[in-house]
Structure formats: C-alpha cells, structure tokens
A.B. asks: 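Have a look at this one.
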There are 2 protein chains.
Amino acid sequence: MDSVAVENYLKSIWELGPDDVATQDLAQHLNVAPASATKMLQRLTARGLVSHIPYKGASLTPEGQLKALSVVRRHRLLETFLAQTLNLGREQLHDEAERLEHALSADLEDAIATYLGNPTKDPHGHPIPGPDGQLPTDTDLLLSESPLNQRLIISQVPDRNPEMLAWLERNEIFPDTQLELISRDSFDGGLTANLNGKTVQIASSVANEVHVSLEDDS
Amino acid sequence: MDSVAVENYLKSIWELGPDDVATQDLAQHLNVAPASATKMLQRLTARGLVSHIPYKGASLTPEGQLKALSVVRRHRLLETFLAQTLNLGREQLHDEAERLEHALSADLEDAIATYLGNPTKDPHGHPIPGPDGQLPTDTDLLLSESPLNQRLIISQVPDRNPEMLAWLERNEIFPDTQLELISRDSFDGGLTANLNGKTVQIASSVANEVHVSLEDDS
DNA sequence: TAAAAAGTTTAGCCTTGGCTAAAATAAATA
DNA sequence: TATTTATTTTAGCCAAGGCTAAACTTTTTA
Ligand SMILES: [Mn+2]
Ligand SMILES: [Mn+2]
Ligand SMILES: [Mn+2]
Ligand SMILES: [Mn+2]
C-alpha cells in the first residue's frame, strides 16, 4: 500500500505534468520545502514510479501514472458522491476529497461508482478516469482563448481555489452554463461576457482556469 | 491535528477501558508489538491524553476520552451513512469506516449527521456519541446472560468480526430481531433459541458478543 | 516462599517524511 | 563571456511510529 504522501506526490506530478515537472512547482503544489520534494522524487524513482533527471525535471513512469490516475479517480468519484448525497457546495468538495481519497478501498470505490452510474465527469466538469486509468481526449478550450460572439458552454471550473470557485458560483458560472464573450481587453486579457442576459466582467486569472466547449455538453 | 495512529490508540483504549487497559491487550487490538504500545502510551501521557501507570495499566484523561469519543462518533456515523446510501453489507462497514474516520472534517461530520437525521445508533446497534461525546446509559444485557423463555430483542451485534457477522446475518440475527431462548447448555453455555419460528443453535462465543433488550426497541 | 512464567518496559535500531543551511548547477544578465 | 541570480540538490538534523532483543516487574506455580 502506498502512503498518503506517496499518493499525493504522484497525483501532483500528474497534475503538473506530463513531463519535466520542476521541483519547485511540485514543492509549492504540495506545500513542502523543495528539498523535501527532491528527496521524495528520489524515493519514487527508486520505486520505479517516477523518472527523475537531476536539475532537469520529473515525470511519471507508466506504473506511476496508473497509480496517479487511480488517486484522481477516487478523488473525483468522491467529489461526485458527496455532491450528490450531501449537497455540499462545489467549493467544499475538493478539500474533503483530498483526504478521503486515500482511505477508499477498491470495493468502496466500485460501490460508489456503481451507485453513481459510472459517471464520467465530476461536479467541476473534470473527467473521471476509468478503473484502468482511461481518460477521454479532452477537446475543450480555455475561456481565455475562446472566440468572441459565439455561444460557449462552460465545461470545467477549477477545484483547488475555493475563493475563485465561490465567485464563479455567485455569478452562475459552472459546468453547462451558457455564455457569450462580448469583448476582450487587449491589455490585460479581461473579458466581458453575456450570461443569462446579464453582463459579467471576468478577470483573465479566472478565464485561464475555466474551460469551455463550443458543442452542446460533450 | 492528531495523527491516524494517535486516533486509533485513543479509540482502542476507550474500547478496552475504562481503566487499567493492559499493554498487551492494546497492542493486540491494534496489531502492533507491545513495545510499540508502551512507547505510544508514554507519548500520549506526555500529551495529557492518557494516564499510564507503568506495569499497571492505562486509561484516558477527560481530554483523551473526548477525542476517543469523537473518533467513535465519526466511525459510527460513517457506518450508518455507507449502509444507508450504498447498501453495503453490515460486515463490510467496519473496515471502511476504520480508515475513513480519520479523514472526516467537522463540516462533513455535521453534514452526514444532518443528512441522516442525527441518528443515535449505527447499523450494528451501537450508540453514536453526540457531538460533545454524550452517550446514553446502556441498559441492555448480554445474550449469554439473558433469561430463558422470554421475548428478547437484539440490540447490538459486534462489528469487528466479519465472519461472526456474516453468520449472524445468515441467521437473521441483527438489531431489532426478536427471539426467545429455549435452553442453555450448562456445560459450554451454548444456547438454543427460537427465531422467526426457526430453531437456532448459538455458540457461547457468539452469545457473548450479542446484546439484547427486554423492551421494544430502546 | 523461591523459582518459573507472564507481562511490561527499556535500549537500540530502522524507515518515512518533514525541515534548514550549504553546496552545486543552470539560467539570466551585464 | 563573466558574473550574478535562480533553481536544485546534498548534508545533516528531527519526530513519529514501527520493530527485536534484553532487562525488569509482577504474578503464578511448585
Ligand atoms: Mn490527497
Ligand atoms: Mn473536481
Ligand atoms: Mn481507524
Ligand atoms: Mn458499528
């Protein structure tokens, strides 16, 4: 069995990857000192889960990737399960799942997936990897790079930033919301959008974290 | 925040207590070597959670007891929640809760309790401590010490022994089941009981783990 | 009540996963 | 290109929580 720390490192490397993950970025993502990340990368390399080239960067081996995706699957299933049963707000889900994901047996994972009807997206719109790590190829684009004057459908919102998520929630921006971009500030990238008849200003920091699709659903 | 190990030790001491908990029993309960238990008892004593008298035994301080009861509450809420939402078998619940109990925030604990309508018993019939550690005084008696020829109602079955639990389940012995004892073997304490018209033989090892009440429900 | 057995603690060791400070390397800048 | 700066790694330390073997108490038994 992998420890909580090992699972968190693998998941973070996956989230920051696919390759040349910088020690500093990894350390920051996990709230540890860079030296701690280096040491763990060495341990994970010794275990065959990571390939780390000193001073260059780290990436997951196939085995490491499989384990990372298993954590991601548990995380997203849990978010979906908690949202569905307990009506937790989208911004509370992540932190709970972050801890519960390490305490889920294969049996319970299966039971939850079955209960939910094997969902393919979590409440933030993130794809849920299959039991063997399968992920659909992602075709949506960033809101910050989307065309103006065209119907867009929100496909993904971030999950790690409760403040941003709360703001998005207040402005009714979440998966399946429709909107249309009216203008883009050429200086700072800020957007003006039309959403349910209302006009909303969207900062570029936000627009960089939100994904949209042009098609209906996906 | 208390570690998983600390929470498990506190809960085990509570389960084996209330006082003079033997090092060996504790170690066995937690599947660690006696020397490991001694060391942890010393750490917990230094933290004011346990009072340990060398060569005599250990007990929880009021603060330690509060923390132990908080773990027990989370454990039993989780068992109830999993049973209700996912229809897990009574014998699968314990092991899952054993790990999840350490990953539950106060918020999620509240949400689950509210969702369940603040239950006072878990699926094994064990009382669920209140948010401040309150527990009703337990008035039921052991099946092994119950009178013959009288209507009895199962109030508690064990949760840590999947085999025994599976046997009980097969024989329809679980909370709220009615039964009547017909005879007790004076040599080994084995029981013959009448249950839903059927006659069942109950070993004394089982009868020692099952609680009953004479009143309806409780 | 002395010896043996059982239970407990101590001593010493190990791994994991943190940290800081210093050294090494790579990247950026003058 | 030489130097400064940023990034990364190494070295050395620490606490938690395991373990085994040895020492010490307490309890049981002869
Ligand atoms: Mn996590
Ligand atoms: Mn998510
Ligand atoms: Mn536990
Ligand atoms: Mn229970």
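Chain identifiers are assigned alphabetically (A, B, ...) following the order of the sequence lines, protein sequences preceding nucleic acid strands; residue numbering begins at 1 within each chain. Just so it is clear, the model here is predicted, and its values are computed rather than measured.
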A.B. asks: Salt bridge check, B:Arg47 against B:Asp2: does any charged N sit closer than 4.0 Å to a carboxylate O?
C.D. replies: yes
A.B. asks: B:Ile53 CD1 to D:dT25 P: how many Å, rounded?
C.D. replies: 17 Å
A.B. asks: Is the phosphate of D:dA16 approached by B:Tyr9 (side-chain N or O, under 4.0 Å from OP1 or OP2)?
C.D. replies: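 For D:dA16, neither OP1 nor OP2 has a side-chain N or O of B:Tyr9 closer than 4.0 Å.
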A.B. asks: What is the separation between atom CG on A:Asn8 and atom C1' on C:dG17, rounded to the nearest whole Å?
C.D. replies: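 A:Asn8 atom CG is separated from C:dG17 atom C1' by 12 Å.
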A.B. asks: Taking NZ, NE, NH1 and NH2 as the nitrogens, is one of them in B:Lys11 or B:Glu101 under 4.0 Å from a carboxylate oxygen of the other?
C.D. replies: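 Here B:Lys11 pairs with B:Glu101 in a salt bridge, since their nearest N and O are under 4.0 Å apart.
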A.B. asks: Please work out which residues in residues 13-38 of chain A have a non-hydrogen atom less than 4.0 Å from an atom of DNA chain D and list them by number.
C.D. replies: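 The answer is A:Ala22, A:Thr23, A:Gln24, A:Pro34, A:Ala35, A:Thr38.
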A.B. asks: Could you tell me the separation between the CG atom of B:Asp2 and the P atom of D:dA16, rounded to a whole number of Å?
C.D. replies: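 These atoms are roughly 12 Å apart.
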A.B. asks: Atom CZ of A:Arg47 and atom C1' of C:dT16: how far apart are they, to the nearest Å?
C.D. replies: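 Those two atoms, CZ and C1', are 11 Å apart.
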A.B. asks: Can B:Gln156 and B:Asp138 be counted as having a side-chain donor-acceptor contact under 3.5 angstrom?
C.D. replies: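 The answer is yes; a qualifying pair exists.
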A.B. asks: Between B:Arg73 and B:Glu109, is there a salt bridge with N-O shorter than 4.0 Å?
C.D. replies: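 Salt bridge flag = yes for B:Arg73 with B:Glu109.
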A.B. asks: For the pair made of CG in B:Leu41 and C1' in C:dT10, what is the distance, rounded to whole Å?
C.D. replies: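 Those two atoms, CG and C1', are 14 Å apart.
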A.B. asks: Got a list of protein N/O to nucleotides 26-29 of chain C N/O distances below 3.5 Å?
C.D. replies:
none

A.B. asks: Distance check needed: C:dG18 C1' versus A:Lys39 NZ, whole Å only.
C.D. replies: 7 Å
A.B. asks: Provide, to the nearest angstrom, the distance between the CE atom belonging to B:Met40 and the P atom belonging to D:dG17.
C.D. replies: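 Whole-Å distance recorded here is 4 Å.
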A.B. asks: Salt bridge check: are A:Glu7 and A:Arg74 linked by an N-O gap of less than 4.0 Å?
C.D. replies: yes
A.B. asks: Given 3.5 Å as the limit, does a donor-acceptor pair link the side chain of A:Arg184 with the main chain of A:Gly190, or not?
C.D. replies: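 Absent.
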A.B. asks: So, OP1 or OP2 of D:dG17: does either fall under 4.0 Å of a side-chain N or O from B:Arg43?
C.D. replies: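 Result: yes.
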A.B. asks: Any salt bridge linking B:Arg90 with B:Glu169? Criterion: basic side-chain nitrogen under 4.0 Å from a carboxylate oxygen.
C.D. replies: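 A salt bridge is present here (some side-chain N lies under 4.0 Å from a carboxylate O).
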A.B. asks: Checking the side chain of A:His126 only, and the main-chain atoms of A:Val157 only, is there a donor and an acceptor separated by less than 3.5 Å?
C.D. replies: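 Yes.
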A.B. asks: Using only side-chain N and O atoms of B:His52, determine if any of them is under 4.0 Å from OP1 or OP2 of C:dT8.
C.D. replies: no
A.B. asks: Looking only at side-chain N and O atoms, does B:Ser144 offer a donor or acceptor that is under 3.5 Å from a partner on B:Ser204?
C.D. replies: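 No, B:Ser144 and B:Ser204 have no side-chain donor paired with an acceptor closer than 3.5 Å.
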